[in-house]
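What follows is a single structure, written as structure tokens, with notes after it.
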Amino acid sequence: MYDNDERPRRVVITGLGTVTSIGLGVEAFLEGLRAGRSGAKPITAFDTTGFAHANGCEVDDFDPAEWIHQVDPEELGRATQFSVAAANLAVADSGLTPEELRGRRALVSVGTTDAESRDLDTLMGVQLEYGPDQLAPTVARRAQAGRLSTGIIRELGLVDVEALTIPTACAAGNYAIGSGFDAIRDGEVDVALCGGADAVCRKTFAGFYRLGTIAPEVCQPFDKDRKGILTGEGAGILLMESLDSALARGARIHAEVLGYGLNCDAHHPVAPDRDSLARCMEIAHRNAGVKPEDIDFISAHGTGTRANDVTEAGAIRQVFATPPPTISIKSMIGHSMGAASALASAACALALTEGFIPPTINHHETDPECGLDCVPNEARPAELNVVQNNALAFAGNNAVLVLGRYREAE
């Protein structure tokens, strides 16, 4: 039990930083969510000759020099550039000055699937073309997963700080946010910059293509004619702090982090397990102090593959007597891997404060095996109090986050 002065601190989100294929920065991201904008287009990151189809959701018009000011962007791989840019955007959105931030104990926790695999693709291409003795030293130095978090620290000049890079694949963003929630709640740090980042790379696209899970044109989660994922990229970084800290400085509060749940069933390398995901949702509800009927909508993992959508929908129906509206923003931004659940968390926070449910676009007819209200094609006005964000990853890594609209304690 906690004494009165040792009770876990309430944790709130006061800054959002988003780099996406439908907009850079929180205002553009919000506009894209409301409009149901699609980021799908032909991939340009690598030569797609030989693939029957090669659409993806790349970030256009991203000039790292516009968003990164203290570190030479050339020293950073593309995923780290996204991560650092999103962190700068989150700090600016929070209203904290860099000097104020540097005076606080901090955690920087970034989740990823591929880290700088795009640079590893480049290094392999150089060696295949010019021989095994050929190196690209600048590229080799920056192809380190740890730079996703240490790059933020260098850019912001943080000194009293812990850095984590979490590699739990497509659930890594929620894992990272959970680590920040724990650290702030227990008084270990004052502020946390947490989320996920990844860049489109040949390795991941080719892997999903060989699995037969790349959609020819668009991603259609929960649609009866869905054909798979589109690989995407970007970063979502959330700035979190204690409620007391936010109130003391008069900060705008996007949402409160109520709790989260994690589990890893190791059931199958790539196939999700319905019962395990259902247990993860139940863990999240228990830790957040909510019941299924309190959830106003679910941001699903919703990849648009045959197996994922049916399994996830089944787990939702297992937990919820009447499932709430269930959407997937992957229909708009594709599967941004380690950034996916972090960007979905940002979308959930915006939905809470702005009073709407983002749509699932490209939706024509709901698969009867899924049987969910997917909020098809158009955003829906709604008064929201509690929302749930699901994330599933290979090898059975599940992470479910619960956010609430901030309300003053009675």
Side-chain angles (χ1 to χ4, degrees), residues 33 36 38 40 57 170-171 174 208 211-230 232 261 265 267-268 270-282 284-285 292-293 295-336 340-341 344 347-348 351 357-380 382 384 387-394 396-402:
L33 292 172
S38 174
C57 294
C170 307
N174 270 359
F208 278 108
L211 287 171
T213 55
I214 294 289
E217 296 181 358
V218 296
C219 179
Q220 300 172 267
F222 305 113
D223 192 278
K224 73 177 185 64
D225 293 322
R226 65 191 180 281
K227 297 176 177 64
I229 75 168
L230 293 184
D265 54 73
H267 169 72
H268 190 277
V270 298
D273 180 75
R274 186 189 66 185
D275 293 342
S276 177
L277 178 56
R279 285 195 299 272
C280 192
M281 287 188 272
E282 291 166 351
H285 294 169
E293 55 266 31
I295 305 295
D296 292 317
F297 88 87
I298 298 170
S299 173
H301 192 62
T303 61
T305 64
R306 306 301 302 182
N308 176 94
D309 291 4
V310 169
T311 302
E312 186 174 12
I316 289 169
R317 291 198 304 271
Q318 193 168 314
V319 174
F320 294 82
T322 303
T326 301
I327 62 99
S328 173
I329 68 168
K330 289 183 180 67
S331 61
M332 292 180 265
I333 66 171
H335 194 334
S336 51
S341 57
C348 287
I357 302 175
T360 304
I361 67 169
N362 309 315
H363 200 80
H364 304 297
E365 183 178 347
T366 304
D367 185 346
E369 285 192 80
C370 296
L372 299 170
D373 173 8
C374 301
V375 189
N377 303 314
E378 294 185 4
R380 181 181 299 170
L384 306 171
V387 300
Q388 173 179 314
N389 178 29
N390 288 354
L392 291 65
F394 284 176
N397 281 292
N398 302 314
V400 176
L401 184 71
V402 180

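Nothing here was measured: the structure is a model prediction, and the numbers come from that model.
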What pairs with [X] under side-chain contact (heavy atoms from CB on, under 4.5 Å), at least two apart in sequence or on another chain?
X      : result
Gln318 : Arg274, Asp275, Ala278
Glu369 : Val310, Asp367
Ser341 : Asn174, Asn389, Ala391
Cys57  : Ser21, Ala40, Leu230

Return each pair, listed once, that meets side-chain hydrogen bond (donor to acceptor under 3.5 Å, both in side chains) where at least one residue sits in residues 211-222; pairs must be two or more places apart or across chains. none
To check you understand the geometry: which heavy-atom pair defines the closest contact between [X] and [Y], and what is its length?
X      : Y      : result
Ile327 : Cys374 : CG2-O, 3.5 Å
Val375 : Pro325 : CG2-CB, 3.8 Å
Ala300 : Lys330 : O-NZ, 4.5 Å
Pro221 : His363 : O-ND1, 3.3 Å
Ile298 : Ile295 : CG1-CG2, 4.1 Å
Pro359 : Gly36  : CG-CA, 3.9 Å

Partners of [X] by side chain to side chain donor-acceptor pair (under 3.5 Å), sequence neighbours excluded?
X      : value
Asn377 : none
Arg380 : Asp373
Thr305 : Thr303
Thr311 : none

Quick one, [X] and [Y] - any side-chain contact, counting heavy atoms below 4.5 Å?
X      : Y      : value
His268 : Asp273 : no
Ile229 : Ile214 : yes
Pro358 : Phe297 : yes
Asp225 : Glu365 : no

Under the ring pair (Phe, Tyr, Trp, His ring centres under 6.0 Å) definition, can you give me all pairs with a residue in residues 304-329, not counting sequence neighbours? His285-Phe320
Verdict with supporting geometry, Arg279 and Asn398, side chain to side chain contact (heavy atoms under 4.5 Å, CB included): CA-CA 10 Å; Arg279 285 195 299 272; Asn398 302 314; over 6 Å; no
Reported SG-to-CD1 distance for the pair Cys348 and Ile329, which is rounded to 0.5 angstrom: 7.5 Å
Strictly distance-based, threshold 3.5 Å: is any side-chain N or O of Thr360 a donor or acceptor partner for the main-chain N or O of Ser328? yes
Backbone of Thr366 reached by a side-chain donor or acceptor of Asp223 within 3.5 Å: no
Quick one, Leu384 with Ile357, criterion side chain to side chain contact (heavy atoms under 4.5 Å, CB included). Give me CA distance, side-chain angles, the key distance, then yes/no. CA-CA 9 Å; Leu384 306 171; Ile357 302 175; 4.1 Å; yes
Which class fits the ring pair His335 and His301: parallel under 30°, tilted 30 to 60°, perpendicular over 60°? perpendicular
Going by the salt bridge (Lys or Arg N to Asp or Glu O under 4.0 Å) test, which pairs reach into residues 308-328, not counting sequence neighbours? Arg226-Asp309
